[in-house]
Trainee: 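One structure follows; several queries about it will come next.
A note on names: the letters A, B, ... follow the listed sequences, proteins ahead of strands, and every chain is numbered from 1.
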Amino acid sequence: MSVRTRFAPSPTGFMHVGNLRTALYAYLLAKSQGGRFILRIEDTDQARFVEGAVDVIYQTLARAGLRHDEGPDVGGDYGPYVQSERKGMYSEYAHQLVASGHAYYCFCDKNTDEPAAEDAAPSTGYDGRCSRLSEEEIRRHLEAGAPYVIRQKIDREGVSTYTDLVFGEITIENKVLDDQILLKRDGMPTYNFANVIDDHLMGITHVVRGAEYIPSTPKYNLLYRAFGWEVPQYVHLPLIMGRGEDGQVSKLSKRHGSVSFENLCAEGYLPEAIVNYIALLGWSPKNDREIFSLEELTGIFSVSGLNKAPAVFDYDKLLWMNAEYLKAMTPEEFAAVSLPFAGAVGERFRDRWPLIAALLRQRTGKLDEIPEKIAFFGELPEYGTDFFFNKKSKATPESGKAVLNDLIPVFAGSADWSVEELNRIMSEYAESAGCKLGAVMWPVRIAVSGCMVTPGGPGEIMTILGREESLRRLETARAKLA
RNA sequence: GUCCCUGUCGUCUAGAGGCCUAGGACACCGGGUUUUCAUCCCGGCAACACGGGUUCGAAUCCCGUCGGGGAUGCCA
């Protein structure tokens, strides 16, 4: 049978990287076996409905390159692919379970099973009182139109064991399984129920999801068996952890800040780099290679490379990987991808952007670093004469003054304003003056940029700035040193 | 509290009884190249949580302890 996996996010408005990684592995598992990858929207929690959230899911998947074969937007033979549109089905199946004795009506108030006090021993779940209601009582409640939920009836004797493809055999004592709610008061199914129904109906062969579901999986298995359905294969994924401000690690979530795919992209991390990075968070190709395209990952993915222990999300490594992707781009690609991050200066130097981009490509970790690096092109920053000191180049304000006095007329008289020519002028001067090239370039750099650190050298900067602006800045510096 | 999972450098990991005086990558620290910074080279620091077994031999198997995480929702 061919593999079918699904990604079943809730439309909450953003795509957390942990979720994206789950989607990635589900995609990889299916695609590495020539199977199909399905997108299903789990919007059973109406209170959490967020406008436009489904589009965020489509966009994220598209940008990450995870093309789904079936889903609300692309169709398929197992639709509808949005749970709220399947509402009626769940109710039918739930009542079927009531009829077969695997579930029961519960008329309890929402609060009856909550612990009396916060510091009391945590509740061990619903006490099952409604499962003991007589037929007569049930009928009376129903006829009176009393609101109800449907709960799964669980026999708490013995243990349940199942096999997970990454964690191996898992055994849970049935006494910790509680009579979970299948159908909510509003008629919507809970995640726990809708998941089982849909995974079965959609022919999902491998359920790929976070490890937080490990303890509740026996309850799902009971449901499959109650219906006489085949239990799917399970692939539980180790959780991604984040380090909070207190230094403690915990499940990576909103609490730890902006670790959504969208935010990362907005900071200037490339989608390909993010995908590559998260693929390696909890999975290993079992060799030393680290850079993989999605297609390459598809070719080598195997569940045997999945790790069991939680992994900590590391921005440093992501940043490094992003820089690797940036450096691997062609100058044209980099120019295109960097311009949107360049702000006002980028707009102003649009015609010369390829020149600036060329200087930036080898020294950018993430794209949002760019505005700061190029601000001096737009406006000469304030700087003091102490900037002309540089030990390594043997430069001082005095030497700088001499260099500028000698060089400004030469620059001004040059008909050619190319990088090659400007650099030739400086080299020639250094040679004739018998000093280090750095001693010449340092003051020129300071003069034209007002910065000690710049992308590119003075020749490149002057070319980008143009003759007029360059000479104006050189004069400004000369006046400063006079 | 109870239950489940997990435990190799700070972080991501390789390692599936001898190939391990434990390999790679990020970060960090040195050095070199370079017109600044960076890139790029070269080098360094740094781990098998602990205690018992099993075995000729354990990072690898078993048990316990401790640590970490998760579950315990009419959220998913």
Trainee: Side-chain N or O of Lys308(A) versus OP1/OP2 of G69(B): is the shortest distance under 4.0 Å?
Mentor: no
Trainee: Does C50(B) have a Watson-Crick or wobble partner in any strand here, with both distances under 3.5 angstrom, and which is it?
Mentor: G64(B)
Trainee: Please evaluate the base of A76(B) for a donor-acceptor partner in the side chain of Tyr213(A) within a cut-off of under 3.5 Å?
Mentor: yes
Trainee: Can you tell me the pairing partner of C28(B) across any strand shown, Watson-Crick or G-U wobble, with both distances under 3.5 angstrom?
Mentor: G44(B)
Trainee: Looking at G1(B), which nucleotide sits across from it as a Watson-Crick or G-U wobble partner, both distances under 3.5 angstrom, or is there none?
Mentor: U72(B)
Trainee: Roughly how many Å apart are U55(B) and U6(B), using the P atom of each and rounding to a whole number?
Mentor: 26 Å
Trainee: Using a distance-only criterion (donor-acceptor N/O pair, under 3.5 Å, no hydrogens), is the base of U35(B) paired with the side chain of Arg445(A)?
Mentor: yes
Trainee: Any idea which of C75(B), C3(B), A14(B) is nearest the Glu173(A) side chain?
Mentor: C3(B)
Trainee: Are Arg86(A) and Glu42(A) ion-paired here, with the side-chain N under 4.0 Å from a carboxylate O?
Mentor: no
Trainee: Under 4.0 Å between a side-chain N/O of Asn307(A) and OP1 or OP2 of A14(B), yes or no?
Mentor: yes
Trainee: For A71(B) versus A27(B), give the span between their P atoms, rounded off to a whole number of Å.
Mentor: 32 Å
Trainee: For a ring-ring contact (aromatic ring centres under 6.0 Å, His included) with Tyr277(A), tell me which candidate from Tyr315(A), Tyr269(A), Phe313(A) qualifies.
Mentor: Phe313(A)
Trainee: With rounding to the closest Å, how many angstrom separate the C1' atoms on G32(B) and A47(B)?
Mentor: 30 Å
Trainee: Considering only side-chain heavy atoms of Ser284(A), which listed nucleotide, A14(B), C37(B), C26(B), is closest?
Mentor: A14(B)
Trainee: With sequence neighbours left out, what residues match Tyr220(A) under ring pair (Phe, Tyr, Trp, His ring centres under 6.0 Å)?
Mentor: none
Trainee: Regarding Glu421(A) and Arg424(A), does a basic nitrogen lie under 4.0 Å from an acidic carboxylate oxygen?
Mentor: yes
Trainee: What nucleotide, of A76(B), C5(B), C3(B), holds the atom closest to the side chain of Asp45(A)?
Mentor: A76(B)
Trainee: Mark yes or no for a side-chain to base donor-acceptor pair under 3.5 Å between Lys317(A) and A25(B), with no hydrogen or angle criteria applied.
Mentor: yes
Trainee: Would you kindly check whether a donor in the side chain of Lys392(A) faces an acceptor in the base of U34(B), or vice versa, at under 3.5 angstrom?
Mentor: yes
